[in-house]
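These figures come from a predicted structure and were not determined experimentally. Each chain gets a letter, A, B and so on, in the order the sequences are listed, and its residues count up from 1.
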Amino acid sequence: MLTRALDLEIARRYFALNLFDGILTVLGFTVNYFFLGGRSPSVLLASGLIISIGMAISGLTSAMLVEYSELQKELNELEKALFRDLDGTHIAKAKMATALMNALVNAVAPILGALAVLFPILLSSIGIIGFSQGFMLSLLLSILSLFLLGVYLGKNAGSRPIVYGFMMVLAGSATAIIAYLLGAV
Amino acid sequence: MVAVRLIKIVLDVLKPREIPVYHLATSLAELENVQLVTVDVIEVDVKTETVKLTVEGTNLDINDVLRHLEETGCSVRSIDSVAVKKG
């Protein structure tokens with residue numbers, strides 16, 4: 001690739017944001033379902049997957065539109081600065097590839113986040129573990145995933161990865177508590 | 001008739017800043033008959049850089065060089081110097 005336009009900076013940001021979204025959304029749903037008295041792992045699994053697929057489609061289309069609009073704006077400005085048309089050039093292709101990659105990352109990240117939460121529920125739905133164990137394991141995996149995401153962001157920022165990790169866990173805990181209260185009352 | 005070979009071209013080029021000078025130089029060096037590429041940054045702007053691009057080789061095809069710069073997304077403002085060799 002000739003240009004450095006195909007960089008990972010925005011994709012990395014999208015990945016972290018949407019992984020976080022995916023984990024929190026499905027975690028909230030899982031906790032709420034459990035405390036509302038739901039005990040069917042297959043219903044929880046299917047609903048969690050549908051939520052994450054909805055987030056993925058939303059992420060793909062919104063990011064495509066946003067990225068394409070930004071790409072066009074950047075190219076127009078660059079064309080003005082260079083006094084030439086850039087259609088078909090390496091730099092235009094690299095920018096298009098970046099936009100596509102960002103949109104794909106935006107779509108895949110919430111599904112990965114949801115899968116982290118739903119994996120124990122999957123084990124429960126095929127009878128390897130009980131539903132309550134699956135639920136507890138799902139909570140643990142969610143907290144662990146959030147903590148690791150925070151640590152990654154902290155390392156990326158070059159400061160206090162543990163603090164970042166705990167802040168993520170705090171957000172997850174707040175979601176779980178609200179979901180519990182909504183399910184329990 | 002004695003063959004005349006183009007051995008050096010100096011171009012005034014406006015390029016997007018997103019194309020690193022190193023990448024521009026190495027991609028030009030991959031063209032046929034190119035032996036040496038020198039890129040000197042003359043002026044830096046917000047989105048663009050003006051560079052003095054010197055391409056040297058045994059028997060350069062100027063159209064190859066211009067086409068490559070065109071495809072890359074650079075604007076060639078002028079051809080400032082050429083050197084040819086007889087024989």
Measuring from A/H90:NE2 to B/E18:CD, what's the distance to the nearest 0.5 Å?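 Those atoms lie 14.5 Å apart.
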Tell me, for A/E74 versus chain B, whether the close heavy atoms (under 4.5 Å) come from the side chain, the backbone, both or neither.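 A/E74 touches chain B through side-chain heavy atoms alone.
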Side chain, backbone, both or neither: which part of A/L86 has a non-hydrogen atom closer than 4.5 Å to chain B?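 The side chain, not the backbone.
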Hey, quick one: are [X] and [Y] part of the same hydrophobic cluster, counting side-chain heavy atoms closer than 4.5 Å, chains of contacts allowed?
X	Y	value
A/L19	A/M167	no
A/L118	A/M136	yes
B/L14	B/V46	no
A/L65	A/Y68	no

Distance-only, no hydrogens or angles: does the B/T48 side chain make a donor-acceptor pair with backbone N or O of A/L82 under 3.5 Å?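 Checked: no pair found.
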For the CZ atom on A/R160, are there more than 12 heavy atoms of other groups (residues, nucleotides or ligands in this structure) within a distance under 6.0 Å?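 No.
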Give me the atom names and distance for the closest heavy-atom approach of A/R84 to B/L69.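 Looks like NH1-O, 4.0 Å.
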Closest heavy-atom pair and its distance - B/K47, A/L78: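 Heavy atoms only, the tightest pair is O-CD1, 3.8 Å.
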